[in-house]
S.K.: 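This is the structure I want to talk about, given as structure tokens.
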Amino acid sequence: MRTHRTILSFVGILSLLGFFSIYSACGSLESILDTPGTHTYTSDKRDGLNTFLVHIPKAYTATKFLPLVFFGHPNGGSASKEMNQWKQRAESFPFIAVTMDLHSSRHSKYLENDKSFLKDVVRRVTGELDHDANWVVYTAHSGGGYAGWHRIATDHDKIFTALCFRSANCYPPYLDLSRSRWRNRPIYVFWSDNDAPRTSEQNPQAIDYLKNELKAKRLKYEIIPNGGHASHPEKFIAWLQEVITSP
């Protein structure tokens, strides 16, 4: 009987080792590196595109906590394309940059598909990298706004502390941010007077929601003359510098 139990225990250990090997291979146990440079990771929480990138600036040290910024890409974009736009700015600022492949950038109907993926990315990055927890920011251009408004700002409002939407999309009837969490946090929204039709329709409704329902006290918004449907990264950088250094 004792030999039988020993064999079963040995088989059980082998099974567990096999399970963890498979689990690690599919990406969920990848360690998030804290060495300078851009690192690519995968998540097993969703079928299809499941990549996210993390850029660690040279200024990163274990004793100097930096802001952590997540970027949502537009329809037709990707985590790698988005990182190309931000990694040099991350070095100059400096901040830690995270970009993700978002299915919902195509349309809000894919938000459910992004839910577990975003949870996995946020958990792993914030859990494994030292960062300034006072400044965990989400910013997005165009279709990347859907994930920001309807996933990040709602599902992860205990972690994220600031939002910036750059000619970004939302679904106004379903805006549902926590007033107690977001009323006193910085939110910046801008679009242009000749923006994409859907963006021009959605953003005024979002501002009305933020002002009259959320009662946002640290809201900044503007309509850029002849700005087109552009990303305007310089406006995000200037705003982030302003809110971080202001009392």
S.K.: Only counting residues at least two apart or in another chain, list the ones meeting side-chain contact (heavy atoms from CB on, under 4.5 Å) with R198.
M.R.: H107, Y146, N169, Q202
S.K.: Just how far is it from atom CD1 of I237 to atom OG of S92, taken to the nearest 0.5 Å?
M.R.: 8.5 Å
S.K.: So which atom in L33 and which in Y41 form the shortest heavy-atom distance, rounded to 0.1 Å?
M.R.: N-OH, 2.8 Å
S.K.: Has the side chain of H232 got a donor or acceptor atom that lies under 3.5 Å from a matching backbone atom of F190?
M.R.: no
S.K.: With no hydrogens and no angle check, is any side-chain donor or acceptor of T99 less than 3.5 Å from a backbone partner on A79?
M.R.: yes
S.K.: For the pair S108 and H150, evaluate side chain to side chain contact (heavy atoms under 4.5 Å, CB included) and give the outcome as yes or no after the intermediate values.
M.R.: CA-CA 9 Å; S108 60; H150 305 288; 5.6 Å; no
S.K.: Hey, is the main chain of K45 close enough, under 3.5 Å, to the side chain of S43 for a donor-acceptor pair?
M.R.: yes
S.K.: How many angstroms lie between CD1 in I207 and CG in N212, if you round to the nearest 0.5 Å?
M.R.: 10.5 Å
S.K.: For the CD atom of Q205 and the OH atom of Y171, what is their distance to the nearest 0.5 Å?
M.R.: 10.0 Å
S.K.: Name all residues meeting the side-chain hydrogen bond (donor to acceptor under 3.5 Å, both in side chains) criterion together with Q241; count only those two or more places apart in sequence or in a different chain, and write none if there are none.
M.R.: none
S.K.: I'd like to check V122 versus F160 (side-chain heavy atoms, cut-off strictly below 4.5 Å). Are they in contact?
M.R.: yes
S.K.: Side chain to side chain contact (heavy atoms under 4.5 Å, CB included), that's the test. Do T61 and D130 meet it? Break it down for me.
M.R.: CA-CA 9 Å; T61 68; D130 290 328; over 6 Å; no
S.K.: Transitively linked via ILVMFWY side-chain contacts under 4.5 Å: Y188 with W86?
M.R.: yes
S.K.: Show which side-chain atoms of residues 135-144 pair as donor or acceptor with protein atoms under 3.5 Å away, not counting sequence neighbours.
M.R.:
residue: Y138; atom: OH; partner: G144; partner atom: O; Å: 2.7
residue: T139; atom: OG1; partner: C164; partner atom: O; Å: 2.9
residue: T139; atom: OG1; partner: R166; partner atom: NH1; Å: 2.8
residue: H141; atom: NE2; partner: H229; partner atom: O; Å: 3.4
residue: S142; atom: OG; partner: H229; partner atom: NE2; Å: 2.9

S.K.: Nearest 0.5 Å, please: how far is NZ in K217 from CZ in R183?
M.R.: 5.0 Å
S.K.: Show your working on side chain to side chain donor-acceptor pair (under 3.5 Å) between S105 and N75 and close with a plain yes or no.
M.R.: CA-CA 5 Å; S105 67; N75 184 15; 4.8 Å; no
S.K.: Rounded at 0.5 Å granularity, tell me how far CG in L118 sits from CG in L102.
M.R.: 6.0 Å
S.K.: Of all the heavy-atom pairs spanning S231 and Q85, show the shortest one and how long it is.
M.R.: OG-OE1, 3.1 Å
S.K.: Mind listing the closest non-hydrogen atom pair of A90 and P57 along with its distance?
M.R.: O-CB, 3.8 Å
S.K.: Closest approach of L129 and V54, non-hydrogen atoms and distance?
M.R.: CD1-CG1, 3.9 Å
S.K.: Is I224 reachable from V189 through a run of I, L, V, M, F, W or Y residues, each pair having side-chain heavy atoms under 4.5 Å apart?
M.R.: no
S.K.: Let's go through R218 and R185 carefully: what are the C-alpha distance in whole Å and the side-chain angles of both, what is the deciding distance for side chain to side chain contact (heavy atoms under 4.5 Å, CB included) to 0.1 Å, and is it a yes or a no?
M.R.: CA-CA 6 Å; R218 300 184 68 184; R185 294 176 182 174; 5.9 Å; no
S.K.: For T40 and F52, run side chain to side chain contact (heavy atoms under 4.5 Å, CB included): C-alpha distance rounded to whole Å, both residues' side-chain angles, the deciding distance at 0.1 Å, then the answer.
M.R.: CA-CA 6 Å; T40 303; F52 65 99; over 6 Å; no
S.K.: Is there a chain of hydrophobic side chains (I, L, V, M, F, W, Y, each step under 4.5 Å between heavy atoms) that links L68 to Y60?
M.R.: yes
S.K.: Treat each ILVMFWY residue as a node, draw an edge where side-chain heavy atoms are under 4.5 Å apart, and state whether I223 and I187 are in one component.
M.R.: yes
S.K.: CG/D101 to NZ/K81 distance, rounded to the nearest 0.5 angstrom?
M.R.: 10.5 Å
S.K.: Given the side-chain rings of F165 and W149, with only the six-membered ring counted for Trp, is the space between their centroids under 6.0 Å?
M.R.: yes
S.K.: For a quick check under 3.5 Å, do S104 and D114 share a side-chain donor-acceptor pair by atom type?
M.R.: yes
S.K.: Are Y209 and Y174 in one and the same hydrophobic cluster, where Ile, Leu, Val, Met, Phe, Trp and Tyr link if side-chain heavy atoms are under 4.5 Å apart?
M.R.: no
S.K.: Start with the C-alpha distance between T42 and N50, add both sets of side-chain angles, then the distance that settles side chain to side chain donor-acceptor pair (under 3.5 Å), and finish with yes or no.
M.R.: CA-CA 6 Å; T42 56; N50 58 4; 5.3 Å; no
S.K.: If I compare all heavy atoms of L66 with all of A59, which pair ends up nearest, and what's the gap?
M.R.: CD1-C, 4.4 Å
S.K.: May I ask you to say whether E213 pairs ionically with R179, meaning some side-chain N is under 4.0 Å from a carboxylate O?
M.R.: no
S.K.: Go through it in stages, so that I can follow the logic: the residues are H103 and N113, the test is side chain to side chain donor-acceptor pair (under 3.5 Å), and I'd like the CA-CA distance, side-chain angles, deciding distance and then a yes or no.
M.R.: CA-CA 7 Å; H103 290 187; N113 191 260; 2.3 Å; yes
S.K.: Once the angle between the rings of F71 and F236 is folded into 0 to 90°, is it parallel (under 30°), tilted (30 to 60°) or perpendicular (over 60°)?
M.R.: perpendicular
S.K.: Using a cut-off of 6.0 Å, state whether more than 12 heavy atoms not belonging to K220 lie near its atom NZ.
M.R.: yes
S.K.: Please check this pair: side chain of N203 against backbone of T199, looking for a donor-acceptor N/O pair closer than 3.5 Å.
M.R.: yes
S.K.: Does OH belonging to Y221 count more than 12 external heavy atoms closer than 6.0 Å?
M.R.: no
S.K.: Taking salt bridge (Lys or Arg N to Asp or Glu O under 4.0 Å) as the definition, give me every residue that meets it alongside K119, ordered by chain and number, with sequence neighbours left out.
M.R.: none
S.K.: My understanding is that only residues two or more places apart in sequence, or in another chain, count here; which of them pass side-chain hydrogen bond (donor to acceptor under 3.5 Å, both in side chains) with R89?
M.R.: none
S.K.: Could you tell me which residues satisfy side-chain contact (heavy atoms from CB on, under 4.5 Å) with T38, sequence neighbours excluded, listed by chain and number?
M.R.: L53, H55, M83, K87
S.K.: Taking all non-hydrogen atoms of both residues, which atom of S200 and which atom of D195 are closest, and how far apart?
M.R.: OG-CB, 3.5 Å
S.K.: Sub-3.5 Å donor-acceptor pair from the side chain of W182 to the main-chain atoms of L214, do we have one?
M.R.: no
